[in-house]
Amino acid sequence: MNTAPAVEIDSLVKRYRDVTAVAGLSLRAERGQVTAILGPNGAGKTTTIETCEGYRKADDGIVRVLGLDPVADARELRSRVGVMLQSGGVPTTARALEYLRVMASFYAHPLDPAALLAALGLTGSARTPYKQLSGGQQQRLGLAAAVIGRPDLVFLDEPTAGLDPQARHATWELIEGLRAGGASVILATHYMEEAERLADQVVIVDHGQVVASGSPTELTGSDGQLRFRAEPGLDLGGLLAALPPGALAKESPAGHYLVEVAGRVDPQLIASVTAWCAEHGVLARNLQIESRTLEDLFLELTGRGLRA
């Protein structure tokens with residue numbers, strides 16, 4: 001029995017002329033898990049995934065998918081790997097159910113096309129030509145095509161982009177069902193909530209390299225955050241002097257304050273903050289205890305500036 005990881009990448013390098021899109025990236029995605037790959041635009045996510053899918057050839061490094069070379073062993077992998085494209089790939093005149101039935105005919109034990117359309121809320125569009133489907137419906141049909149063959153591994157690139165909340169939740173349930181059935185999922189997404197809900201492992205990529213990886217809990221840790229609003233320009237140095245050693249305090253944006261500590265926020269910290277505010281005549285509004293989020297970490301690692 002092949003027990004190789006779903007995906008294993010060692011020191012992947014991919015260049016486009018003078019631009020290095022992937023610069024020595026390494027990662028490992030275990031079988032039966034959802035691995036979310038996050039990163040800003042241009043970070044190297046899509047190039048990495050397309051190399052795993054066999055659409056691009058590595059300039060250096062090793063890529064293995066289900067223990068096989070995605071280029072040399074493409075024929076063997078074709079029936080075991082599902083790929084969801086961001087757009088296109090479907091004949092514009094093909095009707096939704098007709099298209100899925102054709103796709104299902106290529107596999108030995110496919111999912112039932114009608115049941116899959118129902119799971120994704122597309123039953124009412126079963127006889128609608130692809131070109132007449134809305135963008136969200138086309139997106140869901142692309143997902144259905146990627147999983148119709150019961151793949152061992154499925155690559156999903158922004159599967160819920162542009163979907164309404166109902167369709168997004170239906171897609172999440174389908175992905176959770178794939179994992180429950182033993183499939184591995186590589187998920188590229190910009191939605192932090194999606195990654196936090198679905199992923200067993202998160203890999204954050206920037207400038208063609210992995211900058212952080214681990215489970216959502218491991219990455220966000222148990223650090224506590226205390227947020228409140230008050231008048232802009234408080235004396236943060238004075239506030240920090242009243243807090244336990246190791247605490248951090250910052251104002252961003254103006255009038256919005258964040259206090260962070262190692263460990264969880266406890267009653268003593270809350271008392272210290274509110275006592276300092278009372279002593280200095282500061283009215284602390286909207287006092288909230290929050291956990292550090294995946295989005296917090298993402299912005300810390302990749303910056304807040306817009307990317308081209």
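Position 1 is the first residue of the sequence; numbering continues from there. Keep in mind it's a predicted model, so treat the numbers as computed, not measured.
- Between Leu163 and Pro159, the shortest heavy-atom distance links the atoms CD1-O, 3.7 Å.
- With rounding to the nearest 0.5 angstrom, the CG atom of Leu283 is 8.5 Å from the SG atom of Cys277.
- Listed here is the closest heavy atom pair of His280 and Trp276: ND1-O, 2.9 Å.
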For this session: Begin with the C-alpha distance, continue with both residues' side-chain angles, and end with the deciding distance and a verdict on side chain to side chain contact (heavy atoms under 4.5 Å, CB included) for Leu248 and Leu243.
Result: CA-CA 9 Å; Leu248 299 174; Leu243 300 180; over 6 Å; no
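- Counting only heavy atoms from C-beta outward, the side chains of Arg179 and Asp200 approach each other to under 4.5 Å.
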For this session: Applying side chain to side chain contact (heavy atoms under 4.5 Å, CB included), run through Ile289 and Gln225 and close with a yes or a no.
Result: CA-CA 6 Å; Ile289 299 172; Gln225 295 185 339; over 6 Å; no
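- The two atoms that bring His207 and Ala23 nearest to each other are O-CB, 4.2 Å, heavy atoms only.
- Counting heavy atoms from C-beta outward, Ser213 and Arg28 have side chains that stay 4.5 Å or more apart.
- Atom-to-atom distance recorded for Leu143:CG and Thr160:OG1 is 10.0 Å, nearest 0.5 angstrom.
- Neither Val13 nor Val63 shares a network with the other; the hydrophobic side chains, linked directly or stepwise wherever heavy atoms of I, L, V, M, F, W or Y lie under 4.5 Å apart, form separate groups for each.
- Cluster annotation: Ile37 and Ile62 are assigned to distinct hydrophobic clusters (Ile/Leu/Val/Met/Phe/Trp/Tyr, side-chain heavy-atom contacts under 4.5 Å, transitive).
- Contact of the Thr171 side chain with the Gln139 side chain is not registered, since no non-hydrogen atoms from C-beta on lie closer than 4.5 Å.
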Exercise. Asp157 and Ile186: side chain to side chain contact (heavy atoms under 4.5 Å, CB included), yes or no, with the steps?
Worked result: CA-CA 8 Å; Asp157 195 355; Ile186 305 298; over 6 Å; no
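- Gln132 places no side-chain N or O within donor-acceptor distance of the main-chain N or O of Pro129, the cut-off being under 3.5 Å.
- Counting heavy atoms from C-beta on, the side chains of Pro40 and Asp206 come closer than 4.5 Å.
- Other residues, nucleotides and ligands contribute only 12 or fewer heavy atoms inside 6.0 Å of the CD atom of Glu295.
- Here the side chain of Ser11 pairs no donor or acceptor atom with the backbone of Gly24 at under 3.5 angstrom.
- Between Ala21 and Tyr16 the shortest heavy-atom distance is CB-CE1, 3.5 Å.
- When the options Val211, Ile9, Leu27, Leu38 are evaluated for a side-chain contact (heavy atoms from CB on, under 4.5 Å) with Val203, the one that passes is Leu27.
- Using a 4.5 Å cut-off on side-chain heavy atoms (C-beta onward), Leu174 and Leu116 make contact.
- In this structure, Thr47 and Leu12 have side chains that are not in contact, with every pair of non-hydrogen atoms separated by 4.5 Å or more.
- A donor and an acceptor atom, one from each side chain of Arg197 and Tyr191, are nowhere located under 3.5 Å apart.
- The hydrophobic cluster containing Leu258 does not contain Leu240, counting ILVMFWY residues as joined when their side-chain heavy atoms lie under 4.5 angstrom apart, directly or transitively.
- Between Leu294 and Val202 there is a side-chain heavy-atom pair separated by less than 4.5 Å.
- Side-chain atoms of Glu176 never come within 3.5 Å of backbone atoms of Ala180 as a donor-acceptor pair (strictly under, hydrogens ignored).
- Judged by distance alone, the side chain of Asp112 and the main-chain N or O of Ala115 form a donor-acceptor pair under 3.5 Å.
- In summary, of the residues considered (Leu153, Ile49, Leu66), a side-chain contact (heavy atoms from CB on, under 4.5 Å) with Val7 occurs for Leu153 alone.
- The structure places CG of Leu198 at 9.5 Å from CD of Glu193, a figure rounded to the nearest 0.5 Å.
- Counting heavy atoms from C-beta outward, Val34 and Leu178 have side chains that stay 4.5 Å or more apart.
- Summarising the geometry, atom OG1 belonging to Thr46 is positioned 13.0 Å from atom OH belonging to Tyr55; distances are rounded to the nearest 0.5 Å.
- The two residues Pro70 and Glu53 make their nearest non-hydrogen contact at CB-C, 4.4 Å.
- Residue pairs meeting the ring pair (Phe, Tyr, Trp, His ring centres under 6.0 Å) criterion with at least one member in residues 248-274, sequence neighbours excluded, are Phe228-Tyr257.
- One distance of note links CG of Leu133 with OG1 of Thr92; it measures 11.0 Å at 0.5 Å rounding.
- More than 12 non-hydrogen atoms from other residues, nucleotides or ligands lie less than 6.0 angstrom from CZ of Arg227.
- In this structure a side-chain-to-backbone donor-acceptor pair under 3.5 Å is present from Asp59 to Arg15.
- Hydrophobic clustering, with ILVMFWY side chains joined whenever heavy atoms are under 4.5 angstrom apart, groups Val273 together with Val282.
- Other residues, nucleotides and ligands contribute only 12 or fewer heavy atoms inside 6.0 Å of the CZ atom of Arg75.
- Gln138 places a side-chain N or O within donor-acceptor distance of the main-chain N or O of Tyr130, the cut-off being under 3.5 Å.
- Both Leu156 and Met103 belong to a single network of hydrophobic side chains, linked directly or stepwise wherever heavy atoms of I, L, V, M, F, W or Y lie under 4.5 Å apart.
- Atom CD of Gln209 is separated from atom CD1 of Ile204 by 14.5 Å, given to the nearest 0.5 angstrom.
- The nearest pair of heavy atoms linking Ala195 to Pro216 is O-CG, 4.3 Å.
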Problem set entry | Leu100 vs Leu111, side chain to side chain contact (heavy atoms under 4.5 Å, CB included): CA-CA, chis, key distance, verdict | CA-CA 10 Å; Leu100 277 191; Leu111 297 172; over 6 Å; no
